[in-house]
Amino acid sequence: MASPLILERRAISVRGTVQGVGFRPFVFRLAARWKLTGFVQNHAGGVRIEVEGEPEALDRFLAEIATDAPPRAQVEQLWWEPLPPRGERRFRIAQSDSAATGRIVVSPDIATCDRCLRELADPADRRHRHPFINCTNCGPRLTIVTGAPYDRPRTTMARFDMCPRCQAEYHDPRDRRFHAQPIACPRCGPRLSLLDAQGHKLASDDPLSDFAQALLAGKIGALKGIGGYHLVCDARQAAVVAALRRRKHRDEKPLALMVADLAHAREICLVDRAEEQLLRSPPRPIVLLRKRAGSAIAAEVAPANPLLGIMLPYSALHHLLLQATGGAPLVMTSGNQSDEPIAYEEEDALHRLSGVADLFLVHDRPIAVRCDDSVVRVIDGLATPLRRSRGFAPRPIDLPHPSPQPILAVGGQLKVTFALACDGQAVLSHHLGDLGDYRAYQAFETDIDLYQRLFAIRPVCIAHDLHPDYASTYYALRRQTQAGHRCLAVQHHHAHVASCMAEHRLRGAVIGVAFDGSGLGSDGAVWGGEFFVGDYRRFRRAAHLRCVGMPGGEQAIRQPWRMAAAHLLDAGLSLDPLAPRIPAHLLRLVETLLRRGIHAPPTSSVGRLFDAVASLAGLRDQVSFEGQAAMELEWHADGQVSADAYPYRLDQPPGGPLVIDTRPLVRAIVGDLAGRVGVGRIAQRFHGTIAEIVVGVCRRLRDEQHLNRVVLSGGVFQNALLTAEVCRRLAAERFESFRHRLVPPGDGGLSLGQVAIAAAQLNCQNL
Ligand code: ZN
Ligand code: ZN
Ligand code: FE
């Protein structure tokens with residue numbers, strides 16, 4: 001006779017990205033397989049499961065939750081405790097427990113999955129060619145959410161009443177659209193319409209095809225997408241792309257492209273394995289790829305740039321549009337003029353894009369959260385985020401140490417993201433852009449408020465940059481005055497280094513290398529070429545580039561020749577190399593500013609040194625966006641670094657940090673120019689020199705401090721050639737080096753570093 005059945009009951013808690021990703025139906029099916037009873041429920045801290053059955057089946061069930069979870073789910077923590085059995089008959093999916101407090105996890109937006117694509121293409125399917133098809137594994141998430149917990153009434157789908165068939169799917173736990181909040185079909189879902197340049201509705205039986213035909217005929221369109229409006233045109237038509245640039249007031253910044261599939265991407269760019277994976281990954285970021293010579297893409301898309309930003313379609317609407325254009329590669333760039341934030345509300349879009357777009361393809365599902373496309377570049381085999389936004393935000397990042405109190409970190413001034421942290425995790429926001437733009441600042445305020453509600457985090461401490469004039473600092477200090485929050489000012493480059501340390505969950509002291517454009521230093525100077533020794537709580541500036549003046553302050557960022565002048569004079573040279581290109585009165589003015597130290601704040605920035613060298617080499621005296629001159633210097637090196645470095649010196653002033661004297665380097669470059677050495681060769685020697693400086697200084701610090709871990713951060717490490725070379729040389733010298741994989745090396749990653757530093761400070765005060 002079989003032994004009597006022993007039943008056990010367990011209460012299981014699951015944390016991670018487990019809402020809006022098909023997790024509950026997965027649990028339901030798993031419970032059915034192991035013949036378990038009980039229930040599964042979304043609650044504010046994640047998902048709660050109670051199951052009852054034979055102990056062995058329960059063990060198998062628990063193991064499979066962790067190993068077989070749906071593709072987009074991310075189980076971060078799972079624990080259980082025993083309960084007395086209840087003798088239930090079935091397993092059910094219980095109502096969300098919206099009263100519970102704690103953390104709610106909303107998934108990032110997810111590209112249309114293969115099963116939905118098959119239905120989209122199937123004439124027999126009721127969602128054949130439906131631009132808003134989605135399921136529990138794919139579709140919009142963050143961009144449609146208006147409140148917590150994540151449920152249909154708290155999304156912008158609330159205004160669409162489900163038809164009976166959608167309703168049946170939505171409520172059936174065996175259906176692949178069970179509780180897919182954005183569920184829709186041609187009967188009950190959002191609808192497309194076509195508007196003219198003035199925003200008047202155009203009569204059209206098929207708005208999508210008419211829009212596609214207009215693009216092929218050389219029109220510029222505005223397309224309402226997932227996280228905002230895109231400006232779209234045929235990337236092969238030079239005149240149209242040039243017109244788009246003119247109307248958008250975008251002189252030279254490269255424009256992103258969307259192509260139908262991987263094969264189309266390969267026609268215009270070289271795509272390696274890592275890049276292919278990124279292109280096809282569910283977040284579908286823009287991937288920076290090397291251009292193929294002789295492709296059909298108009299040069300105006302990315303003038304004088306060896307790279308193109310390419311993405312694959314990430315919504316059904318995109319897939320249908322690219323089919324309707326016959327696979328034409330489309331420019332797909334943020335719907336804005338110059339540096340404003342991307343337009344996402346219809347009225348605003350019509351207003352701001354009238355005069356840019358000839359026609360609009362819109363729909364009636366509102367966008368709740370403005371979310372730009374993410375940008376990633378593969379650097380030496382590793383995906384490095386340059387902009388972490390749609391598809392990645394708000395996926396949480398584990399912190400190296402838990403925070404005893406909830407923290408908000410507000411980032412810097414440019415490329416801003418904010419972060420909210422509670423316990424051991426931080427949630428980083430989507431990209432908010434330049435807070436100097438009032439619209440961007442407004443979005444910054446409202447989105448902080450939204451995230452606080454979504455994740456049920458009420459910060460008591462606000463971390464901000466040391467710079468008093470950043471709009472984010474102003475915001476933090478205002479909240480301190482109004483609501484009594486505690487504020488903590490964090491030095492810019494310390495935050496950079498801490499952001500990379502936090503990504504790798506490093507603890508203890510490291511050598512931190514922070515190379516960027518500029519950030520306010522603790523001594524009031526403009527820093528940007530810094531070596532630190534320390535951890536999250538304490539850091540010491542151990543070395544830095546020799547300071548030179550930035551004549552005209554911010555103007556020196558837009559006009560690299562000013563930095564060239566500063567470095568020439570610092571090196572005891574004349575301004576003659578600039579004389580053929582820069583008017584004499586301007587050179588005299590800048591010389592006066594520098595000699596008298598008027599309106600020429602001292603800077604140790606590596607970014608500005610790149611600018612200076614690019615100008616000296618005759619590449620660029622003016623830029624239309626920060627980093628442009630440095631980028632061109634990287635391209636001119638053509639993937640090569642010279643082992644023949646320029647000279648530099650390390651000076652050790654008594655009691656102060658080590659100073660990297662760049663004067664010998666500048667003299668040698670001027671010597672090369674006089675000797676008619678080519679720009680490419682100068683760029684290769686310069687990159688080699690900067691890499692040599694990093695390794696040389698790290699070697700000195702290792703000898704003194706007995707530290708072997710080197711952390712690389714700051715916007716300069718978006719330079720693939722430099723980053724790869726630095727890592728290679730550090731490895732050759734047996735250093736352990738760390739670089740960014742989760743957040744951008746530039747200012748988009750600052751908020752993570754600020755959070756990690758604030759959490760460490762709060763921790764030590766509690767001890
Ligand atoms: Zn799907
Ligand atoms: Zn329907
Ligand atoms: Fe920075």
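Ligands are counted one by one from 1 in listed order, and the atoms in each one are counted from 1 as well. Quantities reported herein were computed from a predicted structural model and do not represent experimental measurements. All values below were derived from every heavy atom in this structure, side-chain atoms included, with hydrogens, water molecules and symmetry-related copies excluded.
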- prompt: Is it true that Arg541 and Asp523 make a salt bridge, defined as a side-chain N closer than 4.0 Å to a carboxylate O?
  reply: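 Yes, this pair counts.
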
query: Hey, are Glu634 and Arg377 close enough for a salt bridge, meaning a charged N less than 4.0 Å from a carboxylate O?
result: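 Arg377 and Glu634: salt-bridged.
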
query: the Fe ion (ligand 3) is nearest to which N, O or S atom of Asp516?
result: OD2

Just by distance, no angles: are the side chains of [X] and [Y] close enough, under 3.5 Å, to form a donor-acceptor pair?
| X | Y | answer |
| --- | --- | --- |
| Ser751 | Thr417 | yes |
| His179 | Arg24 | yes |
| His130 | Asp125 | no |
| Ser604 | Glu530 | yes |
| Tyr170 | Gln181 | yes |

Where the Fe ion (ligand 3) is the vertex, angle from Asp747 OD1 to His492 NE2 to 10°: 100°

Environment of the Zn ion (ligand 1) in terms of protein N/O/S atoms, cut-off under 2.8 Å: Cys113 SG, Cys116 SG, Cys135 SG, Cys138 SG

task: Find out whether the Lys NZ or Arg CZ of Arg390 is both under 6.0 angstrom from the six-membered ring centre of Tyr314 and within 45° of the ring's axis.
output: yes

message: For the Zn ion (ligand 2), which protein N/O/S atoms fall under 2.8 Å? Skip waters.
response: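 Metal shell, protein only: Cys163 SG, Cys166 SG, Cys185 SG, Cys188 SG.
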
- request: Would you check if Thr112 and Leu120 make a side-chain contact, meaning some heavy-atom pair closer than 4.5 Å?
  value: no

field: Any Leu428 side-chain heavy atom under 4.5 Å of Arg388 side chain
entry: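 Of all side-chain heavy-atom pairs linking Arg388 with Leu428, at least one is under 4.5 Å.
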
